[in-house]
2 protein chains.
Amino acid sequence: MKQDTNNAADLVILEAAENLFLEKGFALTSTTEIAKVAGCNQALVHYYFRTKERLFDAVFEKYAGLFISTLVQKTEDDISFEEKVRRKADTLFDLLKTNPRIPFLFFNELNTNPGRLSLLEEKIAGVSAAFMLQMESEIQVEIEKGAIRPMTATDLMFTILSLNLLLFLSAPVLKVMLGMSDTAFQHLIENRKRENITVILKSLRP
Amino acid sequence: MKQDTNNAADLVILEAAENLFLEKGFALTSTTEIAKVAGCNQALVHYYFRTKERLFDAVFEKYAGLFISTLVQKTEDDISFEEKVRRKADTLFDLLKTNPRIPFLFFNELNTNPGRLSLLEEKIAGVSAAFMLQMESEIQVEIEKGAIRPMTATDLMFTILSLNLLLFLSAPVLKVMLGMSDTAFQHLIENRKRENITVILKSLRP
DNA sequence: TGCAATTTTAATAGTACTATTAAATAAACA
DNA sequence: TGTTTATTTAATAGTACTATTAAAATTGCA
């Protein structure tokens, strides 16, 4: 592999693969191209990862872990429910801003390769159940106080996810449609962040 | 082509292609497979459509037209603004319910093949501008009345689209994650329809 | 019926991709 | 240094796919 880097070859390959998968998805990315971007022979990709599938799994698992752990992260205790919701949306938004192409990759691959679902399933099962139960009970308290309207934790999480995910899923379309520069688009993103949080918080109202 | 149908061959091919594209996307669908599903020789696919790309464009344009025209459809005049919003969300939801895989196909292809964007762009340009202006002025009236909070037509449309699109984009994931039967999933969908409309209407509040 | 146009097929050229293998090179180490 | 181990490459087997072509089958119609 290239001598101008002290990274281990497998990491260089992994990074090249990651970028290409994020750009074009699994099907349209070839190991030949990954090798070219990584600056090595195509056989080396297979030497380290055996199959293109395993290489993809490595990328997929990395980000699945990152997203899931962020989503189920417990917020501080000594803040209001509204503030907790705000922070949850905020954290998700920032994670997406740093990894804007991940939703595309996930939806694409989960839709085309149902087998990948089971991989995600086992990863999510334990952690999410605990988190959702906790949230459910907090919501129940708020409802009984009359602070928010009747709803479930699933309802709320789905709203938060929908608003934030779709922004980044549609980013490439929006950029072209609105003929925006990258900085103009950053502004739109920030505006929409505020709008998303507004919608989420208003949606709680009794 | 199969003799047990009186459909023209090109329509049978188009329908087969449509189903496969919706199931697996452009890249993972081969003309060989399309032919097999259509019950004809693979060369016939190329005889009628010349390239796989053109065949895809036919499917893409059909649904782009359907979705765009539904989205910019003017609602009746003699109903309240809130009712207009409700009906817009309602119509979109029903369209998605009838064509649940279209969002996946669109996002997938617009993300992987940026060239397709220009095709969509010209289709959308004229009609959407007029619709959005109309909506913008109606919103302005409501804001001045103090009936709704300050917001733009883009804000509102984005909220409506986010909530409804993501439900169907994530359907395959949800089905597996929640281990649901098809009928149980239909229930979830209908519940979420109500929830979406609730969120949208609450988000208008001053 | 017989001819012309259309539709369908078999065969295949050409390309690209995944994965493997065996050989070459470099690193580790005693 | 010499030998073992790990890394990298060139070569290639094997497969699948798009698109074309020429011939066969079918259809429409004079």
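Just so we're on the same page: letters track the sequence lines, and every chain starts at 1.
The side chain of B/T51 lies closest to D/dA19 when the candidates are C/dT7, C/dA19, D/dA19. Residue B/A43 has its side chain nearest to C/dT9 when only D/dA19, C/dA19, C/dT9 are considered.
Side-chain contact check for B/D155 and B/T152: at least one donor-acceptor pair (N or O, by modelled atom type) lies under 3.5 Å. In the model, A/T159 has a side-chain atom that pairs as donor or acceptor with a side-chain atom of B/R192 under 3.5 Å.
Separating the NE2 atom of B/H46 from the C1' atom of C/dT9 is a distance of 14 Å, rounded to the nearest angstrom. Atom CG of A/N41 is separated from atom P of C/dT21 by 16 Å (rounded to the nearest Å). The CZ-P distance, from A/R54 to C/dT20, rounds to 10 Å in whole Å. Summarising the geometry, the separation between CG on A/L55 and P on C/dC17 is reported as 15 Å, rounded to the nearest angstrom. The separation between A/I13 atom CD1 and D/dT9 atom C1' is 13 Å, rounded to whole Å. If you take NZ of B/K36 and P of D/dT18, they are 13 Å apart, rounded to a whole angstrom. When the C1' atom of C/dT8 is taken as reference, atom CD of B/Q42 falls 12 Å away, rounded to whole Å. Distance, A/L44 CG to D/dT9 P: 6 Å, rounded to whole Å.
Of the side-chain N and O atoms in B/R50, none sit less than 4.0 angstrom from OP1 or OP2 of D/dT18. Between A/Y47 and D/dT7 there is a side-chain polar atom (N or O) within less than 4.0 angstrom of OP1 or OP2.
The two residues A/L117 and B/P172 come nearest to each other via the heavy atoms CD1-O, 3.8 Å.
For DNA chain C, the residues of residues 27-34 of chain A within the heavy-atom distance limit of 4.0 Å (strictly under) are A/T29, A/S30, A/T31, A/T32, sorted by number.
Backbone-only contact: A/Y48 has heavy atoms under 4.0 Å from sugar-phosphate atoms and none from a base.
Environment of CZ in A/R54: sparse, with no more than 12 heavy atoms of neighbouring residues, nucleotides or ligands closer than 6.0 Å.
Using a 4.0 Å cut-off between charged nitrogen and carboxylate oxygen, B/E83 and B/R86 count as a salt-bridge pair.
Scanning for ring pair (Phe, Tyr, Trp, His ring centres under 6.0 Å) contacts around A/F104 gives an empty result, with sequence neighbours left out.
To the nearest 0.5 Å, the span separating CD on A/E136 from CD1 on A/I143 amounts to 8.0 Å. Between atom CG of residue A/L20 and atom CD of residue A/E23 there is a gap of 6.0 Å, rounded to the nearest 0.5 Å.
The aromatic rings of A/F56 and A/F26 sit perpendicular to each other, their planes meeting at more than 60°, with 30° as the lower class boundary.
Looking at DNA chain C, the stems built from 3 or more consecutive Watson-Crick or G-U wobble pairs, each pair with its key distances under 3.5 Å, are C:1-30 with D:1-30.
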